[in-house]
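Letters A, B, ... mirror the listed sequences (proteins, then strands); counts begin at 1. The figures that follow rest on heavy atoms only: side chains count, while hydrogens, waters and symmetry mates do not.
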Amino acid sequence: SQTIHQWPATLVQPVGSPLSLECTVEGTSNPNLYWYRQAAGRGLQLLFYSVGIGQISSEVPQNLSASRPQDRQFILSSKKLLLSDSGFYLCAWSAANYGYTFGSGTRLTVV
Amino acid sequence: AQTVTQSQPEMSVQEAETVTLSCTYDTSENNYYLFWYKQPPSRQMILVIRQEAYKQQNATENRFSVNFQKAAKSFSLKISDSQLGDTAMYFCAFYSNYQLIWGAGTKLIIKP
């Protein structure tokens, strides 16, 4: 069966520090991968999606970047965090139109 | 542009009652997919139900069912015999071009 792992679960980072959140998928190949951010009490905002290795599409201009070094690995990064980067980050994968499966999320607090 | 609207920011019902969450969307496409997701306090995002636009029959999953009105672009979720564990944020979503377009969510509270 397919599983998705996302870590860390929580992270507190100072302003200006780098960020690396990792997401890996098991049990499937060539998944579409996504990074979302969710502000408290709000809906999901798509940050990046990837349909294959090295293919990244960005939905909103921001301080973050994404990379897909392997088929089932998706990384969200920043060189210098801003206070506004705080939020709940969710990784997800999908195969065609069968819905998305989400990771357990990372709560990022930038202080 | 495609949009998804959930007009009920918050709802509350008594345990065992039936509740309906509304969702409307706007698109010019004919083939698409619609989803309802549940996000409990743990914040894990869980797929509740999925509807293919080319299917006229409404999707059902145990106590969860949808009323899909394609012409009206409406996709409401009905929860029967509600349980305390149904307390969560519920998001309606529209799938198009590798992306899910999300509604703002409805906070559902089930009262004992």
Side-chain angles (χ1 to χ4, degrees), chain A residues 1-11 21 23 25 30-52 55-60 66 68 74 86-109, chain B residues 1-10 21 23 25 27 29-55 59 61 64 66 75 77 87-109:
Chain A
S1 62
Q2 301 91 355
T3 56
I4 180 168
H5 303 278
Q6 183 183 343
W7 68 92
T10 60
L11 192 60
L21 303 181
C23 174
V25 180
N30 197 30
N32 296 331
L33 297 172
Y34 306 82
W35 278 110
Y36 283 90
R37 178 167 58 199
Q38 185 180 29
R42 305 284 295 275
L44 279 74
Q45 178 189 36
L46 178 64
L47 301 176
F48 301 95
Y49 71 92
S50 172
V51 299
Q55 300 179 61
I56 308 295
S57 296
S58 174
E59 288 302 300
V60 292
R68 185 169 177 175
F74 204 26
S86 292
F88 188 67
Y89 290 82
L90 283 161
C91 177
W93 77 273
S94 76
N97 304 317
Y98 297 101
Y100 286 24
T101 301
F102 287 83
S104 53
T106 297
R107 188 182 308 275
L108 172 67
T109 305
Chain B
Q2 289 131 347
T3 58
V4 177
T5 302
Q6 293 179 251
S7 59
Q8 304 150 312
E10 183 169 328
L21 309 182
C23 173
Y25 58 93
T27 184
E29 297 184 17
N30 192 46
N31 294 320
Y32 48 86
Y33 296 79
L34 295 162
F35 304 89
W36 277 98
Y37 281 87
K38 168 185 177 181
Q39 188 178 38
S42 67
R43 302 196 78 172
Q44 176 75 47
M45 195 68 75
I46 303 164
L47 177 65
V48 175
I49 202 164
R50 170 179 175 270
Q51 175 78 42
E52 297 154 334
Y54 61 85
K55 288 188 176 179
E61 285 289 340
F64 298 87
V66 299
F75 183 60
L77 174 69
T87 292
M89 282 289 291
Y90 286 81
F91 293 96
C92 177
F94 171 98
Y95 180 83
S96 170
N97 296 326
Y98 302 110
Q99 299 180 31
L100 277 180
I101 300 166
W102 297 84
T106 296
K107 183 177 181 180
L108 176 64
I109 299 170

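Neither the backbone nor the side chain of B:Gln6 comes within less than 4.5 Å of any heavy atom of chain A.
Residues B:Trp102 and A:Gln38 form no side-chain contact, since every pair of their non-hydrogen atoms from C-beta on lies 4.5 Å or further apart.
In this structure, the side chain of B:Tyr37 engages the main chain of A:Tyr100 through a donor-acceptor pair within 3.5 Å.
Residue A:Leu90 comes nearest to B:Gln39 through the heavy atom pair CD1-NE2, 4.2 Å, listed as atom of the first residue, atom of the second, then distance.
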Test side chain to side chain contact (heavy atoms under 4.5 Å, CB included) on B:Leu100 and A:Tyr34; report intermediate values, then the result.
CA-CA 10 Å; B:Leu100 277 180; A:Tyr34 306 82; over 6 Å; no

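Interatomic distance, B:Tyr33 OH to A:Ser94 OG, rounded to the nearest 0.5 Å: 11.5 Å.
When the ring-ring contact (aromatic ring centres under 6.0 Å, His included) test is applied to B:Phe94, the partners found at least two apart in sequence or on another chain are B:Tyr25, B:Tyr32.
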